Amino acid sequence: IMAEVCKTVTKLDLDVSLVKLLLLPDYRFVHGGIPVGKFLVSVIYFDATMQGVISIVAPFSKTKTHMARFSLTALPNFKPTPASFDN
């Protein structure tokens with residue numbers, strides 16, 4: 001999702017393998033980000049509601065901050081492995 005939103009807004013590719021994420025398991029919360037060109041791309045995700053927000057901003061400029069909300073859902077017949085939050 002981050003890579004698609006980034007490409008739409010910035011026209012630049014985001015290498016998701018380089019995104020740094022911080023997991024707070026007690027709160028079932030994830031936060032992270034990565035610089036992409038002149039932009040900062042960040043994400044917050046709440047596992048309890050399976051919803052998150054991606055923001056894209058060009059620091060020190062007068063351009064807009066772009067925001068994209070997203071929701072996740074399990075696929076039908078999906079058999080999850082133990083979640084990181086439960087470890």
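As the structure is a prediction and not an experimental result, all values here were calculated from the model.
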Exercise. Taking only residues two or more places apart in sequence, or in another chain, which ones meet Ile44 in a side chain to side chain contact (heavy atoms under 4.5 Å, CB included)?
Worked result: Phe29, His31, Phe46, Val53
For this session: Give the cluster check for Val19 versus Val36: same hydrophobic cluster or not, with ILVMFWY residues linked at side-chain heavy-atom distances below 4.5 Å.
Result: yes
Show me the donor-acceptor pairs within less than 3.5 Å that the side chains of residues 56-66 make with the rest of the protein, sequence neighbours left out.
residue	atom	partner	partner atom	Å
Ser61	OG	Ala58	O	2.7
Ser61	OG	Thr63	N	3.4
Ser61	OG	Thr63	OG1	2.9

Exercise. Under the side chain to side chain contact (heavy atoms under 4.5 Å, CB included) test, which residues partner Leu18, sequence neighbours left out?
Worked result: Asp15, Ile34
List the atom pairs, donor and acceptor, that lie under 3.5 Å between side-chain atoms in residues 2-11 and the rest of the protein, sequence neighbours left out.
residue	atom	partner	partner atom	Å
Lys7	NZ	Asp13	OD1	3.1
Thr8	OG1	Glu4	O	2.9
Thr10	OG1	Cys6	O	2.7
Thr10	OG1	Leu12	N	3.0
Lys11	NZ	Thr8	O	3.0

Exercise. Just wondering, do Asp47 and Val30 contact through their side chains at under 4.5 Å, heavy atoms?
Worked result: no
Exercise. According to the side-chain hydrogen bond (donor to acceptor under 3.5 Å, both in side chains) rule, which pairs have a member within residues 32-44, sequence neighbours left out?
Worked result: Ser42-Ser55
For this session: List in chain and number order the residues that pass side chain to side chain contact (heavy atoms under 4.5 Å, CB included) with Leu72, two or more places apart in sequence or in another chain; answer none if no residue qualifies.
Result: Ile1, Tyr45, Met50, Phe70
